[in-house]
Structures are given as structure tokens and as C-alpha cells.
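For reference, the structure is listed below as C-alpha cells.
Naming: A, B, ... by sequence-line order, numbering from 1 per chain.
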2 protein chains.
Amino acid sequence: MRDLTVVLTDDAALFREALAGVLGRAGFRIRAQLGDAAAARAAIAEHRPDLAVFDIRLPPTHTLEGLVAAAEIRESHPDTGVLVLSQHLETRLLRMLVRSSSRGVGYLLKERVTGIQDFVDAARRVATGGCAFDPEVVRALTRGDPLGRLSEREHEILSLIAQGRSNMAICEQLRLTKKTVESHVRSILLRLDLHPQPDDHRRVLAVLEYLRPWSEEAYRLALPPPRT
Amino acid sequence: MRDLTVVLTDDAALFREALAGVLGRAGFRIRAQLGDAAAARAAIAEHRPDLAVFDIRLPPTHTLEGLVAAAEIRESHPDTGVLVLSQHLETRLLRMLVRSSSRGVGYLLKERVTGIQDFVDAARRVATGGCAFDPEVVRALTRGDPLGRLSEREHEILSLIAQGRSNMAICEQLRLTKKTVESHVRSILLRLDLHPQPDDHRRVLAVLEYLRPWSEEAYRLALPPPRT
DNA sequence: CTGGTGTTCAGGGCTGGCCCTGATGACGGC
DNA sequence: GCCGTCATCAGGGCCAGCCCTGAACACCAG
């Protein structure tokens, strides 16, 4: 079996070198190591590697550039597997990465990669057209849309919560009692699987859940259309 | 003075017809009325109007399409003024609309347009290369970045708040006492001008303030680069 | 008819979060 | 030295929001 080729993109040079070392010793040929998305695009176009590894957050903004680049590479170079490394699970954005296919794509959470061998196995799978997702990622992908579990009324109230309205403002606006709003809030939190945890501020988490579709939509506009 | 030409885009046909009536009676020539952004782009390319009026939220997604289209038109048709109508003030997204220039652009809040004559005046100014911004919009544009008023520590704590962390989780993570975190939270809220109001849930509002740059960045990626 | 879902509301209890005041120490600028 | 800013922390108080239980009614499907 021939050596698989890889291009690595991560602005953290130390981490990038470490990955290069790991993959190199595992038999991959490192074709390039880049620190930003634009350079990665050029290198991938030049080398046409079996695998492109991206940190999700790249310069200049450290927000979305890695994911944008990864999704674009998936479209423009269908023979290049794309492996994304992330600190956090960005479920809805992840869905956009796999919207056309889950072949040749991987999404791993940096802190949950349990060993070098796991990482190498994942890289090899993705490079050869398979997929590799962190189990948390798989669970999130197979789950339905949490917001879809809300009733119409609950959705309406969550939208007001997400505007930073107090319960009192909400009950006045919707002509309900304080108790009714509280009941709905409680139901919303449970429907969204936001159970009491000492570390969580659940109202904020519910807001974040509500805002995600919007973020995804903004992001969708950043991408080329999927091939049919 | 020749009649100014205009293309209107708003998926609410009734509102669109009403605007057409108003502008028509004010001497504008209505070149086209469209319901979505793609149709608007084609019509503007065909008619090259003096003014393009957009509702900010257009189909198919009713999220950003109007603003995307408006910003693109600004780039591709520099002689066409762009007037955006919105329900809410989206400050940071607005900034992207005026990033290259504030000539030939307007942003009005639908609920704050105080009369037909005001609207017509604004349309005329924008169509002839001027600008028209709701006073609230002007105030927001001239104000600095609220997040820039935070100290490094405050910014760090706000980022944790925005992840939906409880105060207890934050104090444990940063090895501070509960009291210290509370002090920082209080300072953050005041720095962000989030004073106690019975209608507000201020912690959520602080989170929304924090998340705005990210939204803007996602949106920036959706736009063509500004001409230099 | 039964069961499930959605909507509304109540009583009662608890606490995380916020408020205010005050203090200390470090640092930098004038 | 003085002042302002930042960071840390304390004491004490209050309450919006959440929790739990329970109830009633409407509607729909089986």
C-alpha cells in the first residue's frame, strides 16, 4: 500500500509539528504545513493530498476560517479527505461539513482524542475515504433538532428569552401570569435536555441553543452550494 | 431633475406595494418589485436603478439574505444607492454594510420611520449618493465597541459567561472566590451599559453582546472583499 | 372512553445571582 | 505623593428565577 499524503493546517506551530511527527512516523508523507486557510487552499490545490487536517479556528480571525476552508476543500477536491480538529463541539456547523456526504471526512475533539494511535487510525480512515467522528459528535449528529421538540408556545417564549427579556417582561407581553411563564421556561429547559447542573447557567445555554440556527444560516451563506 | 429609478425587494407584497405607491407618487420610477434576493440581483443588473430598497430579511431563509444582497449590490453597482429596512438594529452587521463607504447607503428601522415624507426624503438622499440612517443607527455607529471597555480579566470572565457557565463554575475554573466573580460580573454589566431594568435579563444581554462579533465575522465571510 | 399533549395557573420553597459598601495591594502616570 | 485602574475579597441583604407538585381545560388520536 502506498504512503498516504497529508497537508496540515494549524496556526499553533508546536501542535502542527507534533501532528506532523505523529503522522510521519505512522507512514504518512507530509506534503505541507500551513498556518492559515488561504495558504492551505493553495497547498492542497498544488499537492492534492489524500488528507487535509484543519484546526477549526484559524487566522486571521480565529473564528470560522478552518471550517470554511475544510468545507470548500470537500467540494473542490473530492478525493481529499478532510479531518477537522476542534476544542468544542459545534454541532450545527458540523452538520454543514457533512451535508453532502460523510465519506472522507472527520471531526475530532482535541481534548477527547485518547491516544496517538486513535488519531492515526482516524487520519488513515479519512484519507482512504472513510469517516471518523468523536462519539460525542456522532451522538449530536444523529440527534434531531432540539428546538423541534418545543411546542409553538415554548418556541415563542424562548425567542423572547433569547432577546434578553426577563420573565416579567415576557408575561406582560404575552398577557400570561408569572407562573405560566415559569412553567414554560421549565418545560423549555427540560425539552432542551438542560438539566440542573452546578456548573451551568441553563438560561444562557438555552439562549445559545436558540441562536445556533441563525449562526448556521449565516455560515451557510459563506459556503458554495453542494454538488448534487 | 430627472426621475429617480428604484427597485424594491420585500417578500411582504403588501408592504412592497405600499412602498411602491409612496415612491411612485413622490416621483420615483418603479422599475421592478421583487420578493427575494436572487430576483433582486437580476433586476438590479438589468435596470441599474438609482436606488435599491431591501428588507433585511428575505426568503428563502428570512435571516440575512437582504443584507447580503444589499452589500453585494453596493460592490457590484456603485452607482445604485442601497436602502435597507429592518425591524431591529443589527449594529455590527450594519457596520459591514458601510465598511467601504457611507455614500449611497441607508439603514432605517421600520418602526421608527415617522412618516411618509421622511421615508421619501431618505430614499431620495440615498438615490443621489447621500446617506440616511436612523438616529439610533447613527448613535450605534459612532459608539465604540462596548467589549473594548472591558479589562482583560473581565473579557475572560464574560467569555465563560457566554459559554453558559455558572458563577460557581467560573470561580472554580479561574481559582477565584465567588465574591470576586460576582464583582467582575457586576463590573462587566455596568461597563456594557446594562443597568438594572425590570424588563431585562441582563446576563443574557451581556451574552448577546459578546456573541455579536462572532456573528459579524461569520457574516463577513459571506461577503465579497471590499474594493480598495 | 382513555391517554397524551399543550396551555394556563396556583401554592410554597429555595438559592444563585445580583446589589451595595468597603477594603487591600499592585502598578503606572503625572 | 496622589490618583486612577485593575484585581481580589469580604459582609450582608434581597429577589428573580427556578423547582416541585398539583389542578383544570381543550384537543386529538386510537
**Study point:** Under 4.0 angstrom between R153(B) side-chain N/O and dT8(D) OP1 or OP2
**Key:** yes
Any T177(A) side-chain N or O less than 4.0 Å from OP1/OP2 of dA10(C):
yes
Should we count CD1 of I30(A) as having more than 12 external heavy atoms under 6.0 Å? yes
H184(A) has its side chain closest, among dT7(C), dA10(C), dC18(C), to dT7(C)
K179(A) atom NZ is separated from dG11(C) atom P, nearest whole Å, by 9 Å
Note: E182(B)-R186(B) ion pair, threshold 4.0 Å (strictly below) = no
Is a donor on one side and an acceptor on the other found under 3.5 Å between the side chain of R149(B) and the backbone of R191(B)?
yes
Whole-Å distance, D200(A) CG to dT15(C) C1', equals 16 Å
Among dT8(D), dC20(D), dT8(C), the one nearest any side-chain atom of T180(B) is dT8(D)
Nearest-nucleotide check on DNA chain D, K178(B) vs E152(B); residue mapping nearer the 5' end is E152(B)
Taken to the nearest whole Å, CG/D199(B) to P/dA16(D) is 12 Å
When rounded to whole Å, the CD1 to P distance for the pair I161(A) and dA16(D) reads 17 Å
Per atom distances to the R203(A) side chain, the nearest of dC18(D), dG17(C), dT8(C) is dC18(D)
Worksheet item: OP1 or OP2 of dA16(D) less than 4.0 angstrom from a side-chain nitrogen or oxygen of S166(A), does that happen here?
Response: no
When rounded to whole Å, the CZ to P distance for the pair R175(A) and dC9(C) reads 12 Å
- request: Select base, sugar-phosphate, or nothing to describe what S151(A) touches, counting heavy atoms under 4.0 Å on all strands.
  value: sugar-phosphate
Rounded to whole Å, the CD1-P distance (I170(B) to dG16(C)) equals 14 Å
To the nearest angstrom, the CG-P distance between L190(B) and dT5(D) comes to 14 Å
- Classify the side-chain pair T180(A)/T177(A) by whether it contains a donor and acceptor separated by less than 3.5 Å. yes
Between S183(B) and L189(B), whichever has its closest DNA chain C nucleotide further toward 5' is L189(B)
Separation of dG13(D) atom P from E182(B) atom CD, nearest Å, is 15 Å
Worksheet item: Should R149(B) be listed as having a side-chain N or O under 4.0 Å from OP1 or OP2 of dT5(D)?
Response: no
Checklist entry - More than 12 non-hydrogen atoms from neighbouring residues, nucleotides or ligands closer than 6.0 Å to CG on L160(B), yes or no? => result yes
